[in-house]
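The structure appears right after this line, and notes come after that.
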Amino acid sequence: MNITLPDGSVKELPKGSTGLDIAKTIGPGLVKAAVAITANGIQKDLSDPIEEDSEVSIITIESEEGLEIMRHTLTAQVLARAVKNLYPKAKLAIGPTIKDGFYYDFEFEKPISPEDLVKIEDEMQKIIASSSSITKKLHSKAETLNAFTEEPYKQSIVESSDQKDNFQIYYQDDRNFFDLCKGPHLPSLKHIGSFKLTKLAGAYWKGNSKNKMLTRIYGTAWKNDKDLKAYMLSLEEAEKRDHRKIGKELNLFHFQEEAPGMVFWHPDGWIIYRLLQDFVRKKLDACGYKEINTPQVVDRKLWEASGHWDKYRENMFITEIDEEHANEKRTNALKPMNCPCHVQVYNQGLKSYRDLPLRYAEFGSCHRYEASGTMHGLMRVRGFTQDDGHIFCTEDQIESETKSFIELLSEIYSDLGFGSFDIKLSTRPEVRVGSDQVWDKAEQALENAIKKLGLPYELDEGDGAFYGPKLDFVLTDAIGREWQCGTFQADFNLPGRLDAEYIGEDGSKHQPVMIHRAVLGSFERFIGVLIENYAGKLPLWLAPTQLTICSITSDVNEYAQKIHNRLKELNIRSKLDLRNEKISYKIREHSNAKVPNIIVLGKNEAASEMITVRRLGSSENFSYSLEEFIDQIIKEASPK
RNA sequence: GCUCAUAUAGCUCAGUGGUAGAGCACUUGCUUGGUAAGUAAGAGGUCACCGGUUCAAGUCCGGUUAUGAGCUCCA
């Protein structure tokens, strides 16, 4: 048979040759380095016989694929074996690879602690030191079930499989350990690189919260120590950017027990919030949105009509009026969304087709009762404000509204320092409202709009809301993490439920389409993203303090005060530091506070009427006249 | 909501059953110092909350609340 290699060369080998045989024809270096093969696009073990003409490439640990196979062997063969050695009664569930590493789910008799991870790691090192080779055997379903009488989770996997036989079991040399696995695996433990067990967590069997909670051990693995170290360092970097840590350090906001998931904004944090809101408000005004404001506490009758009472109640804060003091007893809910209230505004007065598209915007304060374990700093809260908006339009207007929304969103993201974003188009789910024709039209409209703008997008079939298709917009931050922020959802359901209508050209009543849309998502979450993206060093226009003026000696206090007053008149966010401290002390403090500009004033500056500026992140000094500096800072302080 | 962990001064954290600690921050004094921590002193605590064990609990046990990691959810 003919084996075609990636460089196009063809080798003639006898039928039944293995990946190892192919490597031997190429060179001894490759024999040593080979860990698996890809044959006609499918990954196989190095020992698997090839029976027909194939395109084959040999996988080494240098490649992403090789690294993944190594991680897989490490979890399924080494971690699992180490745990069984130390805790013979532990039950094995599953052990896949994930980004940068792997995990394995176990059921332990007694809970284990993070200290146990050290013991397990040591045991893993011992197993690896054995350099055991790994071999595979195929078994029938009955044989396989028989082999795993002590492993209920493995049995469950085998039993629920459609496969009749050829279940793969991998054995290590000494036969003390074997495990069911899809493979491929390394041919020997010699190929294992550097690894570390990182954390311990609970995880449901098969990801279902009704099932038993297993213990998941996470680890990371790399081809050598250098890569492992670099990865651990990148984790530390991400930790340094944590908005909860920076928020505390820079005194931006806090949370406390009496209001879990609700932000207490401090003066500097609230400056950022207001700047961001003013910025978005200007953009919305320019885009033809009309800003409105609607109640936060609304009678359950409206939520029943909108369908939230049925579908969303467990996420809602419900309030009762104190019977002792109220004459009437009614049940209200804090609004979890703004849409039903926006329809109420729309419904005031008869609307004509000439009024459409009608774009309402609201910085809508919403409350959702999120499950206690899901909250996370500013990123997932119970009380938040959306940069929400609802567009009432005709089906024919969906496309042009999509286009103008994406243009608005691109502009806002780019001004905020995010050069690019990904778009996901989610189409009709199985359970949905509205006719297929309307869905066709709406999906087409969204897709056409993206295409006309020439933007790439990813199709997420069946992931749309039950009321209509949607677009989601995902940002990538400075260290490569993704954040879903913007959303654009067509809705054919709510206008009907809440009786929204317009008079068409034909003089009769029609139902408008309602588009739910947000660019930032929520101010809280977006500020969290901004803090992490900029590692707290916000651009000048968003910095709570734009500059701090530091005097070197008290002789120049008057000069410093004069400069400060002038900057304040121009609405530049200036602070004055006249404390009796050394200049290096002040510089350290304001640098740590991430103030973008530090102005240093001493006798020289006072005598020459100049100012000396030090930029955050640089130890260079620049000398300006006050007016020169003002020109520059005003230019720089407008959003880019 | 589930599993595991954590909760001590404003912050970061030490404290393994016997009088509550450190560094930074804060206040006061000295120091007027030219680009990332000058110096001395002082003040600061219901050891998250409720209960239990014990002669004795910050420490051990149980519960509650919050936070963290992950899962589930959400999008």
Side-chain angles (χ1 to χ4, degrees), chain A residues 98 103 105-108 110-117 198-218 239 242 244-245 248-251 254-262 312 314-315 336-337 368-377 379-382 386 424 426 460 463-465 470-474 482-487 489 516 518 521-522 525 550-557 578-593 595 598-606 612-622:
Chain A
I98 49 174
Y103 65 78
D105 286 346
F106 302 94
E107 184 191 323
F108 285 98
K110 270 180 281 178
I112 63 164
S113 72
E115 290 87 72
D116 292 306
L117 290 186
T198 49
K199 57 195 164 197
L200 205 55
Y204 299 110
W205 168 238
K206 292 191 170 166
N208 186 333
S209 58
K210 290 196 178 102
N211 288 342
K212 193 161 189 169
M213 173 81 60
L214 304 174
T215 303
R216 177 170 295 179
I217 297 177
Y218 283 92
E239 219 169 288
D242 191 317
R244 293 166 300 185
K245 183 170 171 282
K248 199 178 271 180
E249 282 165 2
L250 302 192
N251 195 13
H254 84 272
F255 291 91
Q256 67 184 51
E257 244 178 89
E258 290 81 353
M262 321 254 185
Y312 206 72
E314 58 182 30
N315 280 296
M337 297 178 193
R368 295 182 188 170
Y369 184 79
E370 301 286 357
S372 60
T374 59
M375 283 176 306
H376 181 89
M379 301 300 189
R380 184 88 179 258
V381 286
R382 285 180 177 164
Q386 295 177 308
K424 278 193 306 190
S426 301
D460 216 339
D463 205 34
K470 61 171 184 171
L471 297 174
D472 287 315
F473 299 86
V474 183
E482 296 193 332
W483 303 98
Q484 189 185 308
C485 296
T487 188
Q489 314 176 353
H516 309 248
S522 92
R525 178 173 144 90
C550 300
S551 58
I552 294 176
T553 88
S554 52
D555 295 345
V556 301
N557 283 0
L578 303 180
R579 289 176 304 169
N580 176 12
E581 292 291 351
K582 289 215 156 85
I583 191 62
S584 44
Y585 180 90
K586 293 186 182 181
I587 289 192
R588 175 182 154 81
E589 197 166 282
H590 303 306
S591 298
N592 284 338
V595 176
I598 297 173
I599 294 185
V600 177
L601 301 179
K603 285 177 184 158
N604 299 339
E605 285 80 3
T612 298
V613 180
R614 183 187 161 118
R615 296 297 202 129
L616 180 59
S618 153
S619 54
E620 240 180 308
N621 296 307
F622 299 93

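Per chain, numbering begins at 1; letters A, B, ... match sequence-line order.
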Any strand counts, and the cut-off is 3.5 Å on both contacts for Watson-Crick or G-U wobble. Which nucleotide pairs with [N]?
N	value
B:G42	B:C26
B:C13	B:G21
B:U6	B:A66
B:C60	B:G52

query = Side chains of A:Asn557 and A:Ser551: is there a donor and an acceptor less than 3.5 Å apart?
reply = yes

What does [X] touch in the nucleic acid at a heavy-atom separation under 4.0 angstrom: a base, only the sugar-phosphate, or nothing?
X	value
A:Glu605	base
A:Ser209	sugar-phosphate
A:Leu200	nothing
A:Gly486	nothing
A:His590	nothing

task = Using the P atoms only, state how far B:C11 lies from B:G1, rounded to an integer number of Å.
result = 26 Å

Between [X] and [N], does any side-chain N or O lie under 4.0 Å from OP1 or OP2?
X	N	result
A:Ser372	B:G1	yes
A:Tyr369	B:C73	no
A:Arg614	B:A36	yes
A:Arg244	B:G68	yes
A:Lys248	B:U12	yes
A:His376	B:A69	yes
A:Lys199	B:G70	yes

inquiry  = What I'd like to find out is whether the side chain of A:Asp472 reaches to under 4.5 Å of the side chain of A:Asp460, using heavy atoms alone.
reply    = no

Please check if the side chain of [X] supplies one atom and the backbone of [Y] the other of a donor-acceptor pair under 3.5 Å.
X	Y	value
A:Lys603	A:Ile552	no
A:Thr198	A:Tyr218	yes
A:Glu589	A:Lys586	no

Find the distance [X]:[atom1] to [N]:[atom2] and express it as a whole number of Å.
X	N	atom1	atom2	answer
A:Lys603	B:G34	NZ	P	9 Å
A:Arg579	B:A25	CZ	C1'	11 Å
A:Gln256	B:C11	CD	P	12 Å
A:Lys582	B:G38	NZ	P	6 Å
A:Arg615	B:U35	CZ	C1'	16 Å

query = Which atoms form the tightest heavy-atom contact between A:Gln484 and A:Arg525, and what is the distance?
reply = O-NH2, 2.6 Å

query = Between A:Thr612 and A:Lys424, which has a closest nucleotide on RNA chain B that is more 5'?
reply = A:Thr612

inquiry  = I want to confirm an ordering. Mapping A:Gln484 and A:Leu601 to their closest nucleotides on RNA chain B, which one lands closer to the 5' end?
reply    = A:Leu601

query = Any N or O donor-acceptor pair linking the side chain of A:Tyr204 to the base of B:G1 at under 3.5 Å?
reply = yes

task = Please tell me which of the listed nucleotides, B:A36, B:G34, B:C71, lies nearest to the side chain of A:Ile587?
result = B:A36

